[in-house]
Undergrad: 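Quick one: structure below, then a few questions.
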Amino acid sequence: MRSRCSTGVAVLPDQEDRWFERKPVVSWSVGGGLGLFLCLVLLSCGTLSGFACGNSGQRAIQELVYFGTNTPSGLVTPADWTQFLREVVTPRFPEGLSVWQASGQWRATSGVMVNEMTYVLSLVHPDDAATNKAMQDILASYKTRFEQEAVLRVTTAVCTSL
């Protein structure tokens, strides 16, 4: 019999499609009582609200944000993207960020499969209300400026060290 327990953090949208909170997530499949017992022990130790990073690590949040480039009036050009980074993202995260291009696909609310070039933004930052607000502002600004239906935001709790 196999048992598995995993914990994570999910960022869930509210009914107005704004990202508003991080909720602990636990999933398990139990092939025996031992698996359930271990999951309960982990839960009781506070692993949902945090984790230890060791002596040299700091807790942080890593964001991966996927910005599609198809718009109703054409494409987000490299110059458009650079201007968006300079005006909207960098002032909110002057400590640094990483960006790369990807080729992606997603299903629009209309049911149509959309294939498009995408910019992926990677940020590592503290887990606090001000930073979450900054992320919400970035997503809202991109959606408005480039007439986007959606921007995917993936949030993960991580340990960092320099």
Side-chain angles (χ1 to χ4, degrees), residues 5-27 42-43 45-109 113-162:
C5 178
S6 63
T7 62
V9 176
V11 180
L12 304 172
D14 67 9
Q15 286 139 351
E16 295 177 4
D17 196 32
R18 291 175 295 163
W19 298 96
F20 73 103
E21 68 181 313
R22 289 177 176 79
K23 291 193 175 200
V25 176
V26 177
S27 63
L42 287 174
L43 290 174
C45 292
T47 59
L48 289 178
S49 62
F51 54 90
C53 290
N55 293 336
S56 63
Q58 296 290 324
R59 288 178 40 170
I61 296 296
Q62 179 184 16
E63 304 268 5
L64 290 177
V65 186
Y66 296 81
F67 298 91
T69 58
N70 290 353
T71 72
S73 58
L75 294 173
V76 176
T77 67
D80 294 334
W81 173 251
T82 299
Q83 183 177 1
F84 178 78
L85 279 177
R86 185 176 51 250
E87 293 175 357
V88 179
V89 180
T90 301
R92 289 170 173 86
F93 293 95
E95 295 82 16
L97 54 92
S98 296
V99 174
W100 61 90
Q101 284 189 303
S103 178
Q105 68 180 32
W106 66 288
R107 187 172 311 279
T109 55
M113 183 61 70
V114 177
N115 293 291
E116 64 184 326
M117 292 305 298
T118 302
Y119 289 101
V120 181
L121 170 66
S122 176
L123 294 163
V124 177
H125 59 75
D127 185 12
D128 58 38
T131 306
N132 192 46
K133 169 92 168 72
M135 289 303 302
Q136 291 173 0
D137 292 345
I138 290 168
L139 274 60
S141 177
Y142 192 83
K143 285 179 177 181
T144 300
R145 183 182 290 201
F146 299 113
E147 304 174 74
Q148 296 292 298
E149 180 180 323
V151 174
L152 176 62
R153 177 183 179 190
V154 179
T155 302
T156 308
V158 297
C159 293
T160 63
S161 63
L162 293 173

Undergrad: Side chain to side chain contact (heavy atoms under 4.5 Å, CB included) for Thr160 and Arg59? Distances and angles first, verdict last.
TA: CA-CA 6 Å; Thr160 63; Arg59 288 178 40 170; over 6 Å; no
Undergrad: Could you pull out all residues at least two apart from Glu116 that satisfy side chain to side chain donor-acceptor pair (under 3.5 Å)?
TA: Trp106
Undergrad: Give a yes or no answer on whether the side chain of Glu149 reaches the backbone of Thr109 with a donor-acceptor pair at less than 3.5 Å.
TA: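 Looks like yes, one N/O pair under 3.5 Å.
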Undergrad: Is there a donor-acceptor pair under 3.5 Å between the side chain of Tyr142 and the backbone N or O of Gly68?
TA: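 At least one qualifying donor-acceptor pair exists.
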Undergrad: Using only heavy-atom distances, determine whether the side chains of Gln148 and Thr71 contain a donor-acceptor pair under 3.5 Å.
TA: no
Undergrad: Not counting sequence neighbours, which residues clear side chain to side chain donor-acceptor pair (under 3.5 Å) with Thr131? List them please.
TA: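 Thr131 satisfies side chain to side chain donor-acceptor pair (under 3.5 Å) with Asp128 once adjacent residues are dropped.
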Undergrad: Report the distance from atom OH of Tyr66 to atom OG1 of Thr118, rounding to the nearest 0.5 Å.
TA: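 The OH atom of Tyr66 sits 9.0 Å away from the OG1 atom of Thr118.
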Undergrad: Determine the sole option in Glu63, Glu95, Arg92 for which the side-chain hydrogen bond (donor to acceptor under 3.5 Å, both in side chains) test with His125 is passed.
TA: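 It is Glu63, the one option of Glu63, Glu95, Arg92 that forms the side-chain hydrogen bond (donor to acceptor under 3.5 Å, both in side chains) with His125.
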Undergrad: Output side-chain donor-acceptor pairs under 3.5 Å for residues 75-89, partner residues at least two apart or in another chain, one line each.
TA:
from  : atom 1 : to     : atom 2 : distance (Å)
Thr77 : OG1    : Ala79  : N      : 3.4
Thr77 : OG1    : Asp80  : N      : 3.0
Thr77 : OG1    : Asp80  : OD1    : 3.4
Thr77 : OG1    : Asp80  : OD2    : 3.1
Asp80 : OD2    : Thr77  : N      : 3.0
Thr82 : OG1    : Pro78  : O      : 2.9
Gln83 : NE2    : Glu87  : OE2    : 2.8
Glu87 : OE1    : Arg145 : NH1    : 3.3
Glu87 : OE1    : Arg145 : NH2    : 3.0

Undergrad: Let me check something: any side-chain donor-acceptor pairs from residues 96-103 under 3.5 Å, sequence neighbours excluded? List them with distances.
TA:
from   : atom 1 : to     : atom 2 : distance (Å)
Gln101 : NE2    : Tyr119 : OH     : 3.4

Undergrad: Just how far is it from atom CG of Asp127 to atom CD1 of Ile61, taken to the nearest 0.5 Å?
TA: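 If we round to the nearest 0.5 Å, Asp127:CG and Ile61:CD1 are 4.0 Å apart.
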Undergrad: Could I get the full list of side-chain contact (heavy atoms from CB on, under 4.5 Å) partners for Gln62, not counting sequence neighbours?
TA: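 For Gln62, the residues satisfying side-chain contact (heavy atoms from CB on, under 4.5 Å) (neighbours in sequence not counted) are Leu64, Ser122, Val124, Val158.
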Undergrad: Determine which pairs satisfy salt bridge (Lys or Arg N to Asp or Glu O under 4.0 Å) with at least one residue from residues 130-142, sequence neighbours left out, and list them in order.
TA: Lys133-Asp137
Undergrad: Taking all atoms of both residues into account, what is the closest heavy-atom pair of Ser161 and Gly57, and its distance?
TA: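 Closest approach of Ser161 to Gly57, heavy atoms only: CB-CA, 4.3 Å.
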